[in-house]
Amino acid sequence: MKGLEELIADASVFAGLDSASLSLIAGCAGNEHVRAGTFLFQEGEQADRFYLIRHGAVSLEVHAPAAGSRVIETLGEGEVVGWSWLFKPFRWQFDARATAPTRLVAFDGACLRGKCDADHELGYQLMERFASAMLERLQATRLQLLDVYGNARASA
Amino acid sequence: MVPEPFEIVVKRRDTTDTWTFELEPRSGEPLQFAAGQFTMLSAGGAGEVPISISGDPDRPERLVHTVRAVGLATRAICDADPGRVLGVRGPFGTAWPVDEVRGMDVVIGAGGIGLAPLRPALMSLLARREGYGRLVLMYGGRSPDQLLYPDELADWADRGFEVLVTVDSAGPEWLGHVGVVTRLVRRAELDWTATAAMLCGPEVMMRFMVAALVDQGAQGENIYASMERNMQCGIGHCGHCQLGPTLVCRDGPVYCWSELAPWLAIREL
Ligand SMILES: Cc1cc2nc3c(=O)[nH]c(=O)nc-3n(C[C@H](O)[C@H](O)[C@H](O)COP(=O)(O)OP(=O)(O)OC[C@H]3O[C@@H](n4cnc5c(N)ncnc54)[C@H](O)[C@@H]3O)c2cc1C
Ligand code: FES
């Protein structure tokens, strides 16, 4: 079975970090296993954790009174769930729900923020990686907002 | 070129605005075609429009079209019921490179109704399954109820296609992927340098998809896309369907991406 450091090193968001950084990050992490249907977090709650999916699937959902719950994105193996732990006010904007039995690495966000404050090189390395992952998601969201399949003119 | 009469023998509703038709030629002469080609289709006097053939090239006895009602001509076609006769000219245009990509892994990237023009290629690949490496369908739709051919998706998966479906938005009962189709590219682990891709969907979706494929290491000369422009004659005479120095009805609709890219970089072409 792989140790935490190895699991973290395999994730693309942590790719290229040296072993000292990986062991600092692993010091803030632990394994978790959740059943299908479990909420990892819900909108409005304090955002003090984030997750790396080892196996399984997680959906991000918003709840609108008239429309009910809508899934806005699903995440799978090797992907990170949650950015809100990084920035004030540290509150979740969405619900995150496991849609299958899911194994995760769970990170203590406050612990990691503390290590980044103390070691700016680690902080820079992490921010660079998280910013790049967030940019990719932002671009995907923009494409989703274009509603390309709904707009007849743009359809094939 | 005069339209040939074809009778509607089967009409199936796919989604709220899309129907699949099976047509038989009044002449009894099957319309042989290659995967990727289209016909000019008309119902009464409502105008003639290019519609891709979505049936099996190995079974040309019935001409199959999947049509989305967006305007005058397509609405008139979608309103027609079994027994009605439609006008058909064709087949026209270039084909998916099903033989050329033998031995490679193949990604079929479809968005919305773009799965219809790719269906003949998919069927040909499956009929010759042993000739290819991995076969992966990446199909993006607006929502689960707007997906085409849901029963066939399961059948294709049973017969050797890796079927990855994603929608832009869904209720919590949907257990599949939600997110744009480009994200499926980033998740798939393929030997991208030896992978061919065939794409059809909204142009903006294809552009993003190509960017994701190239990022992963796919080569522009192994990427093919079916392009759409308004058409009138369908036979290279009127110039309506110009794309760069080419005519989509004659030199397309299926193009190699490395050939297309310079023209698409110029807006409004
Ligand atoms: C090679 C090729 C293959 C095609 N294959 C298919 C197919 O398999 N199935 C299918 O349903 N359609 C297909 N199309 C698109 C189809 O030809 C158009 O939807 C049709 O020409 C629209 O004509 P209309 O008279 O119904 O709409 P119009 O009255 O001309 O337009 C009405 C509305 O539809 C919009 N519109 C116009 N053209 C298009 C277009 N090309 N796509 C989407 N919206 C449009 C207009 O902006 C307007 O809002 C294909 C097009 C090409 C070039
Ligand atoms: S439709 Fe007339 S030239 Fe292409």
Side-chain angles (χ1 to χ4, degrees), chain A residues 10-13 15 36-39 42 53 55-64 66-81 94-102 132-133 135-156, chain B residues 15 17-18 52 68-71 74 110-118 140-144 146-148 164 166-187 189 199-209 211-212 215 225-228 230 253:
Chain A
D10 283 349
S12 62
V13 75
T38 308
F39 282 97
Q42 289 190 283
I53 303 174
H55 191 79
V58 171
S59 68
L60 300 183
E61 300 174 8
V62 275
H63 193 81
S69 281
R70 297 300 295 170
V71 180
I72 49 167
E73 189 169 32
T74 48
L75 301 169
E77 206 172 306
E79 293 186 301
V80 167
V81 187
F94 304 115
D95 297 348
R97 188 171 57 92
T99 54
T102 299
S132 151
L135 182 67
E136 193 214 313
R137 298 263 184 97
L138 176 65
Q139 280 166 343
T141 307
R142 284 186 178 141
L143 186 55
Q144 222 164 331
L145 283 175
L146 284 177
D147 191 17
V148 286
Y149 310 120
N151 173 358
R153 188 68 206 120
S155 299
Chain B
T15 70
D17 59 2
T18 304
S52 298
R68 183 179 185 194
V70 298
T74 47
I113 196 170
L115 184 57
L118 281 162
R142 192 182 197 203
S143 54
Q146 297 295 312
L147 294 171
L148 292 181
L164 307 174
T166 188
V167 295
D168 277 351
S169 150
E173 66 290 347
W174 166 254
L175 294 178
H177 290 289
V178 178
V180 291
V181 69
T182 50
R183 302 207 65 220
L184 296 178
V185 176
R186 299 194 195 283
R187 283 179 196 160
E189 284 169 13
L199 312 178
C200 187
E203 204 163 303
V204 58
M205 168 236 140
M206 291 198 284
R207 285 211 320 266
F208 277 86
M209 189 111 183
D215 271 359
S226 183
M227 301 303 293
E228 206 179 287
N230 286 341

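Labels below follow one simple rule: chain letters A, B, ... track the order of the sequence lines, proteins then strands, and each chain is numbered from 1.
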Q: Give a yes or no on whether the backbone of A:A98 and the side-chain of A:T102 come within a donor-acceptor separation of less than 3.5 Å.
A: no

Q: Below 4.5 Å, heavy-atom pairs only: which of B:G171, B:G176, B:P172 has the largest tally toward chain A?
A: B:P172

Q: Applying side-chain hydrogen bond (donor to acceptor under 3.5 Å, both in side chains), can you list everything that pairs with B:D17, at least two apart in sequence or on another chain?
A: B:T15, B:R68

Q: Should the heavy atoms of other residues, nucleotides or ligands under 6.0 Å from NE2 of A:H63 be counted, would the total exceed 12?
A: yes

Q: Relative to chain A, which segment of B:T182 carries a heavy atom at a distance below 4.5 Å: side chain, backbone, both, or neither?
A: side chain

Q: Heavy-atom distances under 4.5 Å only: say whether A:S69 touches chain B with side chain, backbone, both or neither.
A: both

Q: Quick check on the interface: out of B:S226, B:A212, B:G140, who has the most heavy-atom pairs with chain A under 4.5 Å?
A: B:G140

Q: Is A:I72 close to chain B through its backbone or its side chain, or both, or neither, when contacts mean heavy atoms under 4.5 Å?
A: backbone

Q: Name the one of A:R97, A:R70, A:Q42 that satisfies side-chain hydrogen bond (donor to acceptor under 3.5 Å, both in side chains) with A:E61?
A: A:R97

Q: Tell me, out of A:L143, A:L60, A:T99, A:T141, who's got the most heavy-atom pairs with chain B below 4.5 Å.
A: A:L143

Q: If you count heavy-atom pairs within less than 4.5 Å of chain B, which of A:Q139, A:E79, A:E77 leads?
A: A:E79

Q: If you tally heavy-atom pairs under 4.5 Å against chain A, which of B:H177, B:M206, B:M205 wins?
A: B:H177

Q: In the structure I gave you, are the side-chain heavy atoms of B:V181 and B:M209 within less than 4.5 Å of one another anywhere?
A: yes

Q: For each of B:S52, B:G141, B:G179, B:A116, tally heavy-atom pairs with chain A at distances under 4.5 Å, and name the one with the top tally.
A: B:G141

Q: With a 4.5 angstrom heavy-atom cut-off, which part of A:L75 approaches chain B: side chain, backbone, both or neither?
A: both

Q: According to salt bridge (Lys or Arg N to Asp or Glu O under 4.0 Å), who are the partners of A:E136, at least two apart in sequence or on a separate chain?
A: B:R183, B:R186

Q: I'd like to verify something: which residue of B:G112, B:A110, B:A170 has the highest number of heavy-atom pairs under 4.5 Å with chain A?
A: B:A170

Q: With a 4.5 Å cut-off on side-chain heavy atoms, are B:V178 and B:D168 touching?
A: no

Q: Considering only heavy atoms from C-beta outward, does the side chain of A:E73 approach that of A:R137 to under 4.5 Å?
A: yes

